[in-house]
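A note on names: the letters A, B, ... follow the listed sequences, proteins ahead of strands, and every chain is numbered from 1. Just so you know, these numbers come straight off a predicted model, no measurement behind them.
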Protein chains: 2
Amino acid sequence: MSVWDRPAPPNPPVPLDRGQIIAAAIALADEGGLAAVSVRKVAARLNAGPMRLYGYISTKDQLFDLMVDEVYAEILPGERPGDWREALRGLAHRTRQAALRHEWLADLLGGRPALGPNGLAVTEATLAALDGLADVDTVMRAVETVSAYFTGAIRREVADLRAERATGLSKREWQRASGPHVTKMLATGRFPALSRAVHDGTEVAAEVSFATGLDWVLDAVAARLTRPAG
Amino acid sequence: MSVWDRPAPPNPPVPLDRGQIIAAAIALADEGGLAAVSVRKVAARLNAGPMRLYGYISTKDQLFDLMVDEVYAEILPGERPGDWREALRGLAHRTRQAALRHEWLADLLGGRPALGPNGLAVTEATLAALDGLADVDTVMRAVETVSAYFTGAIRREVADLRAERATGLSKREWQRASGPHVTKMLATGRFPALSRAVHDGTEVAAEVSFATGLDWVLDAVAARLTRPAG
DNA sequence: TCTCATGGCGATACACCGTATAGCTCCCCT
DNA sequence: AGGGGAGCTATACGGTGTATCGCCATGAGA
């Protein structure tokens, strides 16, 4: 019996490794959000059966961790930053940019400690940039505070962005156009300060608002880093 | 044929309303985390078929929104706060306490705009406490910055707490005891600053770290609220 | 009092999910 | 040439959210 008589194996199965799995998962998430990532779909994109992935991955949550760590590679600082402030500001902005490229990152940010190699490398680089400016505990507090700020800010920004996209209205347009539920709420008069804020507030670009809050927080940190141990 | 001869309907079906559904869902989440909340399980807890809930709720995500708004009721300030700083500090601490009572809140915080009645009421109270201290835009920026901080800080705290619980080790014990993966990473010598931080850092109570960072951020806000429009 | 409409409820069903298990097939080493 | 082991696949289980539909009980109208 020649090779021609016997049918070729249905899948000429390409070797496959963790990296391809992570890349496929990220592609799916970029296209359709985290909800579009399923073990079956990732496998399908690699011409593999679902169970094949479990040779490289132990659980779906672990796949999420790996995806996050992969993105942390994009967040790593390119060159050595000028000073600590530039280091922290850069970290914040690079994280934000990564989350705008991969919106699903906002769903995962801060949800689990970032202990992958790239996550650790980012932390290392950040701590190194603040090294010696104050005692270890103060430095830790500084990094944690700034991280907490930009994590929270990024999450809110992405949440608002999705809401706008879903309703087709910007936050500012709400009150006028239709904001079916919120408008009615504001009209009840039970939220005067909020109404005034929505009415009189200037609509400011998300990046500006992000950068402004960040500068405030950095100022606060500066006050503790220069003085020895406030 | 008397009433006694005819068997009672198997489920004496209690009327049921949104509040009971939300309460049941929260109870499930408190016990087993967000993952333990399924439409079927919530319904079962109310002696109802799954489809019954869809008369009161349109989607599972909406149920999550309702759960969050219910918890915002616990976050509402009890009495009128002394000054703006007390208002913001109180808000932050009450949110944190709520998240410690309902850990699943950390998974949802900042994930979607809080537009329910209680969420709006919290925002209203907060804005009211800052009213007139600066122009509307500065006040908005202040509230957003503080909210971003405590949202991010709470998420991280809960994430760490779960990690500790899962490994049975505190963050400090990692390096010594076994931290299967992280210890090896630190041992590679590729993360000197991080290693030093882990080694030399003082283990500080989560609440203290939370409060410290919060005070820093509040100081930063104070600098903009007292000066008119920095 | 009898009849009919209606609206809420339940059962059923569908498509999909994560993953445990077990068997098969192919390759390498002896 | 034969045996062992590794890696892949098929199957299966117990769950998920929710669309659809048919029933029954109730209240209204005659």
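Side-chain atoms of B:Arg40 and base atoms of D:dG15 include no donor and acceptor less than 3.5 Å apart.
Phosphate proximity of D:dT18 to B:Thr59: present, with a side-chain N or O under 4.0 Å from OP1 or OP2. In this model, the phosphate group of D:dC8 is approached by a side-chain N or O of A:Tyr56 to a distance below 4.0 Å at OP1 or OP2. Considering only side-chain N and O atoms, B:Lys41 lies under 4.0 angstrom from the phosphate OP1 or OP2 of D:dT16.
Between A:Arg156 and B:Glu144 there is a salt bridge, since a side-chain N of the basic residue sits under 4.0 Å from a carboxylate O of the acidic one. For the pair B:Glu157 and B:Arg162, the salt-bridge criterion is not met [side-chain N within less than 4.0 Å of a carboxylate O]. Using a cut-off of 4.0 Å between Lys/Arg side-chain N and Asp/Glu carboxylate O, B:Arg165 and B:Glu103 are scored as salt-bridged.
Listed nucleotides D:dC8, C:dG18, C:dT21 differ in distance to A:Met51; the shortest reach to its side chain belongs to C:dT21. The side chain of B:Lys60 lies closest to D:dG17, out of C:dG18, D:dG17, D:dC8.
Atom CG of A:Leu34 is separated from atom C1' of C:dC17 by 15 Å (rounded to the nearest Å). Rounded to whole angstrom, the span from the OH atom of B:Tyr54 across to the P atom of C:dC9 amounts to 15 Å. If you take CZ of B:Arg52 and C1' of C:dG7, they are 13 Å apart, rounded to a whole angstrom. Summarising the geometry, the separation between CD on B:Gln62 and P on D:dT18 is reported as 10 Å, rounded to the nearest angstrom. Atom pair B:Asn47:CG and C:dC9:P shows a separation of 14 Å (rounding to whole Å applied). As a whole-Å value, the separation of A:Ile57 CD1 from D:dC8 P is 13 Å. Between the C1' atom of D:dT16 and the CG atom of B:Leu28 lies a distance of 15 Å, rounded to the nearest Å. Rounded to an integer number of Å, the gap from A:Leu53 CG to C:dA20 P is 14 Å.
A cation-pi contact, defined as under 6.0 Å to the ring centre and within 45° of the axis, links B:Arg96 to B:Phe210.
Each of B:Glu70, B:Glu74, B:Gln97 was checked for a side chain to side chain donor-acceptor pair (under 3.5 Å) with B:His102, and the lone residue meeting it is B:Glu74.
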